[in-house]
Amino acid sequence: MATEQGGSSSTEYIVHHLTHLKVGEGFWALHLDTLIVSTLLGAVFLWIFYSAARKATSGVPGKFQAFVELVVEFVDNQVSEVFHGNRGFVAPLALTIFVWVFLMNFMDLLPLDYPALIASAAGAHYFRAVPTADVNTTFAMSITVFVLIIFYSIRAKGLGGFGHELFTAPFGSHFLLWIPNFFLNLVELLSKPISLAMRLFGNMYAGELVFMLIALLGFTVAGLDLGSGLGFFGQVVMGAAWTIFHILIITLQAFIFMVLTVVYISMAQAHH
Amino acid sequence: MEFNATLIGQAIVFLILIWFTVKFIWPPLTRAIEERQKKIAEGLSAADRGRQELEEAKSRADAIIREARERASQIIEQAQHRANDMIEQAKSAAAAEGQRLVAAAQQQIELEASQARENLRRDVAQLAVRTAAKLLEREIDERAHADLINKLAAQI
């Protein structure tokens, strides 16, 4: 895979693959690769599920509808186990997270250099194909979830109740305990979006990096000697093994993100 | 790790995806699933009901057949009875008729016999009268001697 990169050294190769296609500077810079891929995958998600939803029949479903319904029912069952109440918003939220994150993670399974190759044919020098290996994506999602947690907390307990809980739980309502209570609650609240985002980002970033390291083994192929043979063997066999293992990881990470989101929202509704 | 405006863009994309899913994808799919679940439940209960009704109908049909069989055997028995009765009646009627015929024939015979005897007696009386007249060479007035003749005839 890596041989297309020609004479570039290992460091250059990795740095090249870890650089975003970026426009602008400072905070207002945009990662075009992340935005394009994630938007495209979001459109794919909407297109697949909407075309099934539009033609959904309560009679005998076709294979396509059955597949979509399988996913929908799987998500709905997961949500109904954790979240009690009207699932009209939370369940489709969970479906969106699960499928979108899965599709974005799936980009990790594409041969490492191909997206970059296609992008360079379109004139872009850098291209990172896995949007979930970009902190901006994972934090954008987890911060949205965080806002929803706050919203559901306030809706369930009222603004006063939520504020009261911030200062009086878990130790008690003595005024000396307000500060430690608030500090603990702040940590607990903030840890949710941060852990949610960092877990997904870390997994996908590390996975991507391992793919790069495996691809580097191909750099050692120089001729018909033992070292080249080992390198080629390593790239093919380990690459295949890691890809197969990664199928589990990308699904699991999408699932974890979905379930934790639902758990956090359902916790937000519960009283301490 | 570098935070920039991509975060805002991704959040907007995420919100659009959520909105679209909540609004246009989730409701029709769950509606279809729930309707199908309801249909299947109804179908199953209808099948159960049908099975129950079939069993009931079967037992009803069995009862009807049993009753019909009983009725049929009753009717056959009655018919047999009546046939026997009719045969008996016919037999006794025939016997009575026979006896009557025999009696009538006997009566006739007796009647004829007595008539024959009467005739014979008269003939014999006349014969006797005629014989006597011949013997006496004298005409016996039949009318004058009717009493005598009759007395004679009765004596024979």
- prompt: Strictly under 6.0 Å, is that where the ring centroids of B/F24 and A/F49 end up?
  reply: no
- request: Check A/A56 against B/L29 and note the closest heavy-atom contact, atom names and distance.
  value: CB-CD2, 4.2 Å
query: By a 4.5 Å heavy-atom criterion (distance strictly below it), what part of B/I8 contacts chain A: side chain, backbone, both, or neither?
result: side chain
Chain A contact via B/L15 - which portion, at a heavy-atom distance below 4.5 Å: side chain
- prompt: Looking at A/G42, A/A91, A/P131, A/A52, which makes the most heavy-atom pairs under 4.5 Å with chain B?
  reply: A/A91
- prompt: How about B/E97: does its CD atom have over 12 heavy atoms from other parts shown lying under 6.0 Å from it?
  reply: yes
task: Calculate, to the nearest 0.5 Å, the distance between atoms CG and CZ belonging to B/N4 and A/F27 respectively.
output: 7.0 Å
- request: Taking the side chain as every heavy atom from C-beta outward, state whether A/R54 and B/P28 have any pair of such atoms under 4.5 Å apart.
  value: no
query: When rounded to the nearest 0.5 angstrom, what distance separates CG in B/L7 from CE in A/M141?
result: 12.0 Å
task: Could you tell me which portion of B/Q37 (side chain, backbone, both or neither) has an atom closer than 4.5 angstrom to a non-hydrogen atom of chain A?
output: side chain
query: Just how far is it from atom CD of B/E2 to atom CG of A/N136, taken to the nearest 0.5 Å?
result: 7.5 Å
Heavy-atom pair count under 4.5 Å with chain B, highest-scoring of A/L32, A/L18, A/L35: A/L35
- request: Over all heavy atoms of both residues, which pair between A/T57 and B/R36 is shortest? Give the atoms and the distance, please.
  value: O-NH2, 2.9 Å
statement: Separation between CD1 (A/I97) and CG (B/L17), nearest 0.5 Å, reads 10.5 Å
- prompt: Parallel, tilted or perpendicular: which fits the ring planes of B/F14 and A/W100, with parallel below 30° and perpendicular above 60°?
  reply: parallel
- prompt: Taking all non-hydrogen atoms of both residues, which atom of B/A32 and which atom of A/Q65 are closest, and how far apart?
  reply: CB-NE2, 4.3 Å
- request: Give the C-alpha distance, both sets of side-chain angles, the deciding distance and a yes or no for side chain to side chain contact (heavy atoms under 4.5 Å, CB included) between B/V22 and A/L93.
  value: CA-CA 7 Å; B/V22 170; A/L93 168 73; 5.6 Å; no
field: Step-by-step side chain to side chain donor-acceptor pair (under 3.5 Å) determination, A/T34 to B/Q10
entry: CA-CA 8 Å; A/T34 302; B/Q10 290 293 75; 5.8 Å; no
For chain B, the option from A/D134, A/I143, A/L95 that forms the most heavy-atom pairs under 4.5 Å: A/L95
query: If you round to the nearest 0.5 Å, how far is NE2 of A/H20 from OG1 of B/T6?
result: 7.5 Å
Leading residue by heavy atom contact count with chain A [cutoff under 4.5 Å; candidates B/I16, B/V13, B/T21]: B/T21
message: Taking CZ in A/F67 as the centre, count heavy atoms belonging to other residues, nucleotides or ligands within less than 6.0 Å. Is the count above 12?
response: no
message: Heavy-atom count check: over 12 atoms from other residues, nucleotides or ligands less than 6.0 Å from A/F106 CZ?
response: no
Value rounded to 0.5 Å, distance of CZ in B/F20 from OG1 in A/T96: 10.5 Å
- prompt: So which of A/G24, A/P61, A/G26 has the biggest tally of heavy-atom pairs under 4.5 Å with chain B?
  reply: A/P61
